[in-house]
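Accompanying notes for the structure given below.
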Amino acid sequence: MSDRSPAPGGLALVEDLVNTIDLETGADSLDTPEGRGRFGVTEDDLPGVRELRESLRAVLLAHAGHPPHRTVTPLGELLAAAPLVVTVDPADGTAALAPARDGSLTGRVAAAVAEALVAGTWARLKACEAADCHWAYYDRSPAGRGRWCSMRVCGARAKMRRYRAKGA
């Protein structure tokens with residue numbers, strides 16, 4: 001739904017995962033082999049992947065100053081099951097965090113979160129405040145106070161609701 005550019009670095013993975021479901025229509029791209037293939041998961045993985053997605057959404061709502069959309073497993077508990085290791089490139093000495101086991105989606109998400117923490121970008125990944133949206137977006141506003149994934153859609157709807165509520 002967002003008209004914003006993708007999140008930087010590994011946060012693009014987190015943003016893509018959260019945005020696999022359109023809350024307004026209920027369409028979930030994880031229901032298709034192509035949608036699952038984008039994340040390297042199987043149909044058997046879906047319960048855990050959906051749990052991870054909704055835990056991420058709750059954190060992104062918190063980044064935007066909103067309560068969780070529902071009760072979820074705390075993200076920290078899910079990421080604790082995905083240990084990371086420090087890798088060092090022998091050619092140039094650059095270091096990075098990588099999943100300790102087999103590149104699982106949870107491990108890749110944990111590495112993306114760790115990378116974003118170091119870069120100072122984690123708190124800029126947010127979920128739209130519109131209850132029928134909650135789309136993930138990267139807030140590039142100077143003050144970091146973005147509220148909607150799209151000013152043209154969700155922002156305009158919210159402003160129109162407020163205007164109508166005033167009785168004007």
Side-chain angles (χ1 to χ4, degrees), residues 1-23 27-128 133-142 144-146 149-150:
M1 180 169 298
S2 178
D3 53 6
R4 297 173 184 254
S5 55
L11 285 181
L13 169 69
V14 176
E15 182 179 44
D16 286 347
L17 178 59
V18 171
N19 292 343
T20 55
I21 189 165
D22 182 333
L23 296 180
D28 188 343
S29 67
L30 294 175
D31 289 337
T32 68
E34 298 82 25
R36 290 187 297 274
R38 287 182 34 221
F39 298 98
V41 298
T42 67
E43 200 166 347
D44 292 340
D45 299 327
L46 284 180
V49 171
R50 287 187 170 127
E51 179 181 36
L52 177 61
R53 176 180 67 194
E54 297 313 314
S55 293
L56 285 164
R57 186 181 321 280
V59 169
L60 302 188
L61 283 165
H63 285 175
H66 304 293
H69 58 305
R70 62 184 172 128
T71 303
V72 297
T73 303
L75 183 60
E77 288 180 24
L78 297 176
L79 297 184
L84 301 174
V85 296
V86 176
T87 61
V88 179
D89 186 321
D92 66 6
T94 57
L97 287 172
R101 294 185 231 117
D102 71 12
S104 71
L105 179 59
T106 304
R108 290 182 286 145
V109 166
V113 170
E115 172 192 313
L117 282 170
V118 171
T121 57
W122 174 235
R124 289 276 182 149
L125 190 62
K126 300 178 178 182
C128 181
C133 181
H134 291 321
W135 204 253
Y137 68 94
Y138 189 76
D139 184 0
R140 287 185 165 78
S141 67
R145 293 188 181 150
C149 65
S150 169

Verify side-chain contact (heavy atoms from CB on, under 4.5 Å) between V49 and T20, making sure each step is shown before the conclusion.
CA-CA 11 Å; V49 171; T20 55; over 6 Å; no
State the [atom1]-[atom2] distance between [X] and [Y], to the nearest 0.5 angstrom.
X: L84; Y: L79; atom1: CG; atom2: CG; result: 8.5 Å
X: R57; Y: E54; atom1: CZ; atom2: CD; result: 4.5 Å
X: Y137; Y: E15; atom1: OH; atom2: CD; result: 11.0 Å
X: T121; Y: E115; atom1: OG1; atom2: CD; result: 7.0 Å
X: L61; Y: C128; atom1: CG; atom2: SG; result: 9.0 Å
X: L46; Y: D28; atom1: CG; atom2: CG; result: 7.5 Å

Candidate pair D45 and L105, rule side-chain contact (heavy atoms from CB on, under 4.5 Å), full reasoning:
CA-CA 10 Å; D45 299 327; L105 179 59; over 6 Å; no
Side chain [X], main chain [Y], donor-acceptor under 3.5 Å:
X: R140; Y: S5; result: yes
X: S55; Y: L52; result: no
X: D89; Y: T94; result: no
X: T87; Y: A96; result: yes
X: R108; Y: F39; result: yes

Would you say the side chain of H66 lies within less than 4.5 Å of the side chain of K126, judging by non-hydrogen atoms?
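SC-SC contact between K126 and H66 ruled out.
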Determine whether L11 and R124 satisfy the following criterion, side-chain contact (heavy atoms from CB on, under 4.5 Å), listing intermediate values before the conclusion.
CA-CA 10 Å; L11 285 181; R124 289 276 182 149; over 6 Å; no
Within 6.0 Å of CD in E51, more than 12 heavy atoms from elsewhere
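Result for CD/E51: enclosed.
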Run the salt-bridge test on R36 and D44 with the 4.0 Å N-O cut-off and return the result as yes or no.
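Looking at D44 together with R36, the answer is no, because their closest N to O distance does not fall below 4.0 Å.
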Which atoms form the tightest heavy-atom contact between [X] and [Y], and what is the distance?
X: L125; Y: A7; result: CD1-CB, 4.1 Å
X: A58; Y: P68; result: CB-CB, 4.1 Å
X: A127; Y: A64; result: O-CB, 3.8 Å
X: V14; Y: A112; result: CG2-CB, 4.2 Å

The test is side-chain contact (heavy atoms from CB on, under 4.5 Å); show your working for V59 and W122 and say whether it passes.
CA-CA 10 Å; V59 169; W122 174 235; 3.6 Å; yes
Determine the sole option in L23, I21, V18 for which the side-chain contact (heavy atoms from CB on, under 4.5 Å) test with H134 is passed.
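So the option named by the test is L23.
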